[in-house]
There are 2 protein chains.
Amino acid sequence: MSKRLTKSELSQRRVLDAAARIFRDNGYVGTTMRAIADAADMKAGSIYYYYKSKDELIAAMLDMGINMVMQTVTDSLEKLGEDASGRDRIECAVNAHLTAIIEHGDYTLATRRVFGQVPETIRQRNLLLRDRYAIVWKDILEVARGRGELRPEADITLARLFILGALNWTAEWFNPKGRTIDEVAHEFATILCNGLFDENLSARILETVATHSSSA
Amino acid sequence: MSKRLTKSELSQRRVLDAAARIFRDNGYVGTTMRAIADAADMKAGSIYYYYKSKDELIAAMLDMGINMVMQTVTDSLEKLGEDASGRDRIECAVNAHLTAIIEHGDYTLATRRVFGQVPETIRQRNLLLRDRYAIVWKDILEVARGRGELRPEADITLARLFILGALNWTAEWFNPKGRTIDEVAHEFATILCNGLFDENLSARILETVATHSSSA
DNA sequence: GTCTATAGGGAGATAGAC
DNA sequence: GTCTATCTCCCTATAGAC
């Protein structure tokens with residue numbers, strides 16, 4: 001991979017980044033080739049030199065979005081090493097996923113906004129990439145279960161859907177002036193692994209037992 | 001409130017339901033008044049008898065979506081009674097929220113799809129309703145903390161964003177042929193309260209006690 | 001209440017100059 | 001590579017008949 005990009009490659013990436021911003025704000029049909037061209041300092045006709053239709057452009061944008069997240073997460077996990085605990089792997093993946101979707105928020109939000117509106121063939125193609133990313137999370141959870149870290153009856157599929165829903169929603173409210181990504185990632189990972197509740201007080205257990213048996 | 005609806009009210013509701021379905025599939029700009037009219041067995045011009053613009057129609061749809069969820073959740077909590085535990089109130093609210101967004105999935109999904117594209121004034125108006133709903137969850141969590149059920153350092157704002165993100169995402173993948181709403185709600189509530197991990201023995205004791213005494 | 005007809009505006013994509 | 005000019009199509013909203 002050469003690091004030097006040709007003028008053509010630079011222009012193409014400029015179009016893609018502009019498309020992500022405009023699709024994010026205006027949705028699939030609301031986005032015009034003229035608006036993308038404006039944002040990329042170009043004229044509408046010129047985009048067709050790089051993408052032969054609006055649909056081909058949006059397909060490239062959708063694929064870029066998921067690939068950037070998957071790449072960030074798998075790289076972080078690799079850096080963490082094979083023998084990290086399930087707890088550490090979950091926090092690492094949560095942190096990486098959050099970092100990627102905040103950093104590339106234009107792509108993340110654009111994807112969420114237009115995904116339901118694009119033609120079926122484009123959606124199907126992108127879903128293949130999403131499935132590959134889902135496997136990354138399935139593996140994290142299954143390895144943790146294999147190590148005996150998880151509640152035995154925990155439902156890994158539901159857990160994965162739960163996690164990704166909460167993570168992806170973050171792009172809608174995250175504010176750089178508020179909590180940092182590390183803070184959010186740590187709190188989320190704590191809820192995921194240990195829950196919101198305080199279960200260290202055995203006194204409460206005894207009290208609960210007493211209450212339940214006396215009222216029964 | 002009379003239960004008998006006039007012909008006019010019925011037609012108006014037919015238009016609103018049709019709008020939700022079409023906005024869900026085609027987004028804000030992608031939805032045409034002709035398509036909504038078709039779905040409502042009407043001609044495009046007739047919609048203007050009920051809503052004086054496309055924007056007024058979409059504003060009504062957005063408000064309906066959030067109101068239906070808030071109503072379902074507050075009704076369920078009320079039925080549960082004042083002295084229910086934080087654990088029970090959370091599972092109750094999770095279940096009610098899921099029930100509402102699955103049952104009125106057209107409104108839920110349409111809202112998520114078009115929200116970022118509607119004019120700012122419409123968005124602001126709908127955000128006021130969302131804020132009111134956020135308070136419902138803030139109260140649930142604060143009451144649980146007041147009762148000493150939560151980890152003292154748990155961040156209630158982050159927890160709320162986490163919960164609502166995971167819940168709302170459910171509308172995207174829920175399949176009536178798969179797990180039931182009750183199953184999903186129970187698993188989600190368990191993760192929220194006790195986490196995925198097995199290290200909290202006391203939590204499992206509490207649950208066992210609750211199960212045994214309620215089945216006795 | 002619901003219809004038809006239409007005014008007025010803007011979109012995607014292509015052709016061909018430079 | 002990038003531009004201008006243009007073809008063809010479809011939208012929102014209104015007016016006025018029934």
Side-chain angles (χ1 to χ4, degrees), chain A residues 2 4-62 110 113-114 117-123, chain B residues 2 4-62 110 113-114 117-123:
Chain A
S2 75
R4 273 259 186 287
L5 295 176
T6 65
K7 176 185 173 194
S8 176
E9 287 166 330
L10 280 171
S11 292
Q12 180 160 21
R13 178 58 188 260
R14 220 171 63 239
V15 170
L16 205 56
D17 285 347
R21 281 205 308 285
I22 309 295
F23 276 118
R24 175 198 67 187
D25 291 339
N26 302 323
Y28 178 61
V29 187
T31 293
T32 68
M33 298 301 265
R34 289 164 174 71
I36 295 174
D38 275 358
D41 267 317
M42 221 179 252
K43 297 298 174 182
S46 308
I47 295 181
Y48 290 85
Y49 177 77
Y50 297 104
Y51 300 98
K52 64 174 186 290
S53 71
K54 186 178 174 179
D55 281 352
E56 194 178 280
L57 171 55
I58 206 171
M61 189 203 72
L62 292 174
R113 206 132 286 159
V114 305
Q117 303 169 44
V118 301
E120 190 56 26
T121 54
I122 295 180
R123 198 177 11 247
Chain B
S2 73
R4 273 259 186 287
L5 296 175
T6 66
K7 176 185 174 194
S8 176
E9 286 166 331
L10 280 170
S11 292
Q12 181 159 21
R13 179 58 187 260
R14 220 171 62 237
V15 169
L16 205 56
D17 285 347
R21 281 205 308 284
I22 309 294
F23 276 119
R24 175 199 67 187
D25 291 339
N26 302 323
Y28 178 62
V29 187
T31 293
T32 67
M33 297 302 261
R34 295 188 215 310
I36 295 173
D38 275 357
D41 268 317
M42 219 180 252
K43 296 297 174 183
S46 309
I47 295 181
Y48 291 85
Y49 177 77
Y50 298 104
Y51 299 98
K52 63 174 187 287
S53 72
K54 184 178 174 178
D55 282 351
E56 194 179 279
L57 171 55
I58 205 171
M61 189 203 70
L62 292 174
R113 205 133 286 157
V114 305
Q117 304 169 45
V118 300
E120 190 57 26
T121 54
I122 295 180
R123 196 173 16 245

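Residue numbers start from 1 in every chain, and the chains themselves are labelled A, B, ... in the order their sequence lines are given, proteins ahead of strands.
Going from atom CZ of A/R4 over to atom CG of A/L10 covers 10.5 Å, rounded to the nearest 0.5 Å. To the nearest 0.5 angstrom, A/Q117 atom CD is 12.5 Å from B/Y28 atom OH. Atom CZ in A/R14 sits 7.0 Å away from atom OH in A/Y50 (nearest 0.5 Å).
The CG atom of B/D41 sits 14 Å away from the C1' atom of C/dC3 (whole-angstrom rounding). Protein atom CD1 of B/I22 is 12 Å distant from nucleotide atom P of D/dT12, rounded to whole Å. Taking atom OH of A/Y28 as the reference point, atom C1' of C/dA11 lies 13 Å away to the nearest angstrom. Rounded to whole Å, the distance from CE on B/M42 to C1' on C/dT4 is 16 Å. A straight line from CG of A/L10 to C1' of D/dT2 spans 16 Å, rounded to a whole angstrom. Note: CG (A/L57) to P (C/dA11) measures 16 Å, nearest angstrom. Protein atom CG of A/N26 is 14 Å distant from nucleotide atom C1' of C/dG10, rounded to whole Å. In this entry the distance linking CG of B/D38 with P of D/dT12 reads 12 Å, nearest Å.
Taking both residues in full, the closest heavy atoms of B/N26 and A/V29 are given as O-CG2, 4.4 Å, listed atom of the first, atom of the second, then distance. Nearest heavy-atom pair, A/M61 versus A/V114, reported as atom, atom and distance to 0.1 Å: CE-CG2, 4.3 Å. In plain terms, the two heavy atoms of A/A110 and A/A20 that are nearest each other are CB-O, 3.4 Å.
The side chain of A/Y48 places an N or O atom within less than 4.0 Å of a non-bridging phosphate oxygen (OP1 or OP2) of C/dA13. One finds no side-chain N or O of B/Y51 lying less than 4.0 angstrom from the OP1 or OP2 phosphate oxygen of D/dA13. The phosphate of C/dG1 (OP1 or OP2) has no side-chain N or O of B/S11 nearer than 4.0 angstrom.
Residue pairs meeting the salt bridge (Lys or Arg N to Asp or Glu O under 4.0 Å) criterion with at least one partner in residues 49-60 of chain B, sequence neighbours excluded, are B/K52-B/E56.
Checked by atom type and distance alone, the side chain of B/R34 never pairs as donor or acceptor with a backbone atom of B/A44 at under 3.5 Å. Side chain of A/S11 to backbone of A/K7: a donor-acceptor contact under 3.5 angstrom is found.
For B/Y50, the side-chain atoms get nearest to C/dG1 when compared with the rest of D/dT2, C/dG1, C/dC3.
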Using a cutoff of under 3.5 Å, can you pull out all pairs of nitrogen or oxygen atoms linking the protein to nucleotides 4-11 of chain D, with atom names and distances?
from   : atom 1 : to    : atom 2 : distance (Å)
D/dC11 : OP2    : B/R34 : NE     : 3.0

Query raised in the report: What pattern of brackets, bars and dots sums up DNA chain D from 5' to 3', given Watson-Crick or G-U wobble pairs under 3.5 Å, [ ] for crossing pairs and | for another strand?
Result: ||||||||||||||||||
